[in-house]
Amino acid sequence: MDGLIIEQSAAGVHKKGAEILRHVVRERSVRGETTAIALSGGSTPLGMYRLLAREPYRSELPWNDVHLFWVDERCVPPDHPASNYGAARRELLDRVALPPSHVPPMAGELAPLAGAVRYGDEIGEFFHMAPPEIPTFDLVFLGVGNDGHTASLFPGQISLDERKKWVIAVKGGNPNVHRLTLTLLVLNQAQKLVFMVSGREKAEIVQRVLQGPRENLPAQLIRPSGETPSWLLDREAARLLNEKRRNGDEHDTFE
Ligand code: 6PG
């Protein structure tokens, strides 16, 4: 699934992200299926979480059919300001009728390796599988850092070569702390994967990842089911993309 979706503003990105999530969940719910979604960390998705916690999404979404997972987490307790789970709890989880059992946190308070093992077990329990099988998330949201990292997969780190484990412990990023992250193995198994990026400061990395030479930046290694993922951008983040790419693809790829 390819697709460049350019919205006027960050608010437009959050709204489109919420609509994509609603589309996927409803499509599966009418078939009696649950939806497993892996959420990115960082600040970009928070605007989408705030929207999902308000009407109409708050009442409209069949939350009982939704299972939320984490793309990555900083190895800090959930009440720490750097906790991705903590931020999502404040903005979304505590405001909607999502059963707590449907959103197991990555145990940031454990020792990193223990946290990675624990979360791998959580995923295995939900999907009723174990390596070497690979779980397929129905929808994954990712962000991108200015160095081209995504999830907590950082340029040049050995984590990019992991081909067995689903969840690993790494160290890096800003804040430069121990982190847990889904591996490329799992991310590239996703049914649908959407990068959500907004802001002027991301224009350079967006252009480098999408139109620059192949540098094996982590965000360039994301190819769910062998296709290119969707990029949901605001105009500011898309401003350095060349005209053709920017205009020719400016349509919604989620009917
Ligand atoms: C994290 C994220 C990370 C994030 C990017 C973009 O835990 O830091 O998962 O990969 O998505 O760094 O972050 P912003 O959305 O804050 O720009």
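Residues take their numbers from the sequence shown, with the count starting at 1. Whatever order the structure lists them in is the order used to number ligands and atoms, beginning at 1.
Residue contacts with ligand 1: H149 is placed with a nitrogen or oxygen under 3.5 Å of a nitrogen or oxygen of the ligand (distance criterion only). Inclusion of N84 in the set of residues having an N or O under 3.5 Å from an N or O of ligand 1 is warranted.
Heavy-atom contacts of G143 reach the following atoms of ligand 1: 11 (O) (cutoff under 4.0 Å). The distance from ligand 1 to the heavy atoms of R179 drops below 4.0 Å at these ligand atoms: 1 (C), 7 (O), 8 (O). Each of the atoms 6 (C), 14 (P), 17 (O) of ligand 1 lies under 4.0 Å from some heavy atom of K202. In the vicinity of S40, heavy-atom distances shorter than 4.0 Å reach the ligand 1 atoms 9 (O), 11 (O).
Aromatic ring orientation, F137 versus F127: perpendicular (interplanar angle above 60°, classes split at 30° and 60°).
At a threshold of 4.0 Å, the pair K15-E19 counts as salt-bridged, since one of the basic side-chain nitrogens sits closer than that to a carboxylate oxygen. Under 4.0 Å is where a charged nitrogen must lie from a carboxylate oxygen, and between R22 and E60 at least one such pair does.
Considering only heavy atoms from C-beta on, L182 comes within 4.5 Å of V167 through its side chain.
Contact annotation: for D72 versus ligand 1, heavy atoms closer than 4.0 Å belong to the side chain alone.
Remark: minimum distance from atom 6 (C) of ligand 1 to any protein heavy atom is reached at V144 O, 3.5 Å. Nearest to atom 13 (O) of ligand 1 among the protein's heavy atoms is G42 CA, 3.9 Å. The closest protein non-hydrogen atom to atom 15 (O) of ligand 1 is T44 OG1, 2.6 Å.
Identified under the side chain to side chain donor-acceptor pair (under 3.5 Å) test for residues 37-57, with sequence neighbours left out: R50-E91, E55-S59.
At least one heavy atom of A151 lies less than 4.0 angstrom from ligand 1. Put simply, part of R74 is less than 4.0 Å from ligand 1, judged by heavy atoms. E73 does not count as a contact of ligand 1, since none of its heavy atoms falls under 4.0 Å from the ligand.
Counting heavy atoms only, S43 comes closest to atom 16 (O) of ligand 1 of the residues S43, S152, S83.
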